[in-house]
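Lettering follows sequence order; numbering is per chain, from 1.
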Amino acid sequence: MELNRGLNTRQQQAMSAGLGPIQVLAGPGSGKTRVLTFRIAYLISHLAVRPYNILAVTFTNKAAREMQARVEDLLGGEARGLSLGTFHGACARILRIEAEYLPFDSNYVIFDADDQRGLVKQAIREQNLDEKRYRPVSIHASISKAKNDLILPDDFPLQTYRDEIVQRVYTRYQELLLNSNAVDFDDLLLWAAHLLEHNLEVREKYSRRYEHILVDEFQDTNLAQYVLIKHLSSFHRNIFVVGDSDQSIYRWRGADYRNLQRFEEDFSDAQIILLEQNYRSTQTILDTAMAVIESNPYRTHKELFTKKGKGKKLTMHEAFNGQEEGQWIVHTIAETVAKGKADPGDFALMYRTNAQSRLLEEAFLQANLPYKLVGAQRFYGRREVKDVMAYLRLVHNPNDEASLSRVINTPRRKIGNKTILNLRTLALNEGVTLAKVLIDLAKGEESEFYGAFSAGAARALSGFGKLFAGWGDAAPELTPLALMDKILTDVDYQSYLDDGTEEGKDRWDNVLELKRLAAEYKERSLSEFLEAVALVSDQDTMDKDANVPTLLTLHAAKGLEFPTVFITGLEDGTLPHIRSFDDPEGMAEERRLFYVGITRAKNDLFLVRALNRSTYGYQEPTDPSRFLDDIPGELIQGGNPWELGKTYRQRQTHAATNWDAPSTSAPILEPEFQAGQYVRHPTWGEGMVLNAKIEDGEEVVEVHFEDIGMKKLLASLAKLEVVT
DNA sequence: ATAAAGTGACTTTTT
DNA sequence: GTCACTTTAT
């Protein structure tokens, strides 16, 4: 069999490279997924490697499924036994198999973001900490970061008082997870890495099995993932990674594109193969992308080139506000489709934040045109879907307290907070699990616990206990769908949802959709169904068949391509996002995000912004994204008004001052402070002025304080004293 | 125990 | 302006 169909020389070189560590550095659209696919097929067909001995890790399940199909296509047969999936999926499987070495059972459940937040909150409350001061989300972010860096509670570095709080909450949070026989997303990686690191037997088992390991999107691996693949490949050292540091967009999730460099150091004998030729975009789009990414510091220049030709110039558009931004895009799409120049499915609308999708959706709804939105949260985050999943999770793992508290009184069965609290206390005192108490209460008055509750509460709990016990007995014999049906009938979930409104109908439709998904698990276990649902990614929810425009975040766009791309919200504060303004690394990542968006486009690129945008309900004028300054005018229809930040920006500032502040006090024209000056702040002490400028007639001073770092202050409010 | 009304944080990005 | 969560009235 010839396996070089349509591969260029470099790609073939990567496909048929010898053994040992290999790193493929691949620009956007250079066919890295193809290379990965061909490499797997090559290993199986030419090197006689058994699929069972190959592990390939992709970023999403969707990518894994596509790759599996393509490998089988290339081989002209099945590739049974091939391990192909996401990091989280692969870890979940290892943890189930090796549960005997771990502090939880193999039927553990994976807690979602809401469950995780709930648990952190509980931990915070138990420690009598102020939830206002220590926000669960923020504490959880710190815990998550620690986990991605493989830091256990005991090793948590303590530099500030807050660190001590985080450590305490982290410790308790882990206990609570284990009490529920649960893990969170980060734990999947953490426990797996930990197991491979400390259990020689297990490490040898897997590293011997996986003769070949292949990793896609390597620039977005975090330390836990890096350590994981290092251990997994420790026996055979056949590790093949593909990545592009310019497309690293998950720093906030612990990803470190320097893993590419680390790889070169740790595997100094690695072959390095560069893929530069682009097969996706026109040269104009590539030139735009290069112009944008070029401004990032500390990167090696990559020359993106294509044989596709220059193509069309890109279009910039300024809409009056967010509404009109959406309307203009929908109008443009409708017009192009009407002229027969494109299919509706050719278009993608990308945005920085999820909140932006609403106005875009509204524009489609208004025009009565269909669209699809990429985002798992949309469906799996719905109340009714979470309810039904919680029932299933509870049956599968009776220790799952998060699910229990979710469903024990849904639909209402007169079990209020007071009763639940009593139940908890009772279980704690008796040293048994909540599930045990409930199942015992199913016996009714015979139960030793029955008398501990008021008559009404006891009856209500007993009723639920009976249902619960019944599901537990029936579950082993039932498919996930059959179990779901039984539960839905037993609790009469449909009439609970049906309140006569349109919304109630929609909710039931979602339950039906969930049933459809469960129906695919006829041959597979409940455990597999639960795991799949817990680990769906946004991209997994994309159906390619619907021939309609796609709405998605720039993050979700990674790895995809579309004939025409609209990047929306190109305003300072949105892209780049305001939260990255005072962090150079963050700003570099914002730029990469823009770069990823641009390079998704095959033929047409539209850069769109709104002159006014509402945040928190108030509409405010915006500044154009500073990234637009870097795009050469000759690439844009009608030139670039912001090229190198020149004229337009100034003109606009003047205009804004004239309109917005007609009668207030005369604008201060000169900053009072200067960069380099030392100042004293009443609470933060001494610091150095980094920058001082006039914004909206107010002097804004950026000061670096020794203890707390950079702060942006209003000179009129901050009571800064100059220190000499 | 539950529904209604009020409060306050909040928008990055996601497995 | 929205969501989740808390307080309050029934």
A:N222 side chain near B:dT15 phosphate (N/O to OP1/OP2, under 4.0 Å): no
Counting only heavy atoms not in A:L365, do more than 12 fall under 6.0 Å of its CG? yes
Quickly work out the A:N409 CG to B:dA3 C1' distance and round it to whole Å. 13 Å
Going by an N to O cut-off under 4.0 Å, is there a salt bridge joining A:D256 and A:R251? no
Under 4.0 Å, heavy atoms only, any strand: does A:I415 hit a base, just the sugar-phosphate, or nothing? sugar-phosphate
Between A:R626 and A:D572, is there a side-chain N and carboxylate O pair less than 4.0 Å apart? yes
Contacts satisfying side chain to side chain donor-acceptor pair (under 3.5 Å) that involve residues 138-148 of chain A (not counting sequence neighbours) are A:Q116-A:H140, A:S138-A:R162, A:S142-A:R162, A:S144-A:D186, A:K147-A:Q174, A:K147-A:D184, A:K147-A:D187, A:N148-A:N222
Regarding A:R393 and A:D115, does a basic nitrogen lie under 4.0 Å from an acidic carboxylate oxygen? yes
Base, sugar-phosphate alone, or nothing: which one does A:D186 contact when heavy atoms must sit under 4.0 Å apart? nothing
Where DNA chain B forms stems, i.e. three or more consecutive Watson-Crick or G-U pairs with both distances under 3.5 Å: B:1-10 with C:1-10
Using the ring of A:Y521 (Phe, Tyr or Trp, six-membered ring only), decide whether A:R524 places NZ or CZ under 6.0 Å from its centre and within 45 degrees of its axis. yes
Is any NZ, NE, NH1 or NH2 atom of the basic residue among A:D540 and A:K62 found under 4.0 Å from an Asp or Glu carboxylate oxygen of the other? no
Taking OP1 and OP2 of B:dT15, is either one under 4.0 Å from a side-chain nitrogen or oxygen of A:S537? yes
Where along residues 452-460 of chain A does a heavy atom come under 4.0 Å from DNA chain B, residue by residue in number order? none
Do A:W252 and the base of B:dT13 stack face to face, with centres under 5.5 Å apart and an angle between planes under 30°? yes
Can you measure A:D220 atom CG to B:dT13 atom C1' for me and round it to whole angstrom units? 11 Å
Phosphate oxygens OP1/OP2 of B:dT2: is one of them under 4.0 Å from a side-chain N or O of A:N417? no
For the P atoms, the ones on B:dT13 and on C:dA4, what distance do you get once it is rounded to whole angstrom? 15 Å
Charged N to carboxylate O below 4.0 Å: is that the case for A:R125 and A:E131? yes
Excluding sequence neighbours, so at least two apart, what forms side-chain hydrogen bond (donor to acceptor under 3.5 Å, both in side chains) with A:R591? A:D630
Distance in angstrom units between A:F594 CZ and B:dT13 C1', rounded: 17 Å
Starting from P on C:dG1, measure out to CD on A:E362 and report it in whole angstrom. 12 Å
Pair A:K386 + A:D112, salt bridge at N-O below 4.0 Å: yes
Return the polar atom pairs (N/O with N/O) between nucleotides 5-11 of chain B and the protein under 3.5 Å, or none.
from: B:dC10; atom 1: OP1; to: A:R135; atom 2: NE; distance (Å): 3.4
from: B:dC10; atom 1: OP1; to: A:R135; atom 2: NH1; distance (Å): 2.6

Can you give one letter per nucleotide of nucleotides 2-10 of chain C, going 5' to 3': B for a protein heavy atom under 4.0 Å from the base, S for sugar-phosphate only, - for none? S--SS----
Do the side chains of A:E361 and A:R358 get close enough for a salt bridge, i.e. N-O under 4.0 angstrom? no
Answer yes or no: does atom CG of A:D130 have more than 12 heavy-atom neighbours from other residues, nucleotides or ligands under 6.0 Å? yes
Nearest-Å distance, CD1 (A:I578) to P (B:dT13)? 15 Å
As a test of reading the structure: which of B:dT13, B:dA3, B:dT15 is closest to the side chain of A:T86, going by heavy atoms? B:dT15
Between A:E620 and A:R613, does at least one N-O distance fall below 4.0 Å, as a salt bridge requires? no
Give one of base, sugar-phosphate or nothing for A:T60, where a contact means two heavy atoms less than 4.0 Å apart. nothing
Between the side chains of A:D244 and A:K32, is the shortest nitrogen-to-carboxylate-oxygen separation below 4.0 Å, so that they form an ion pair? no
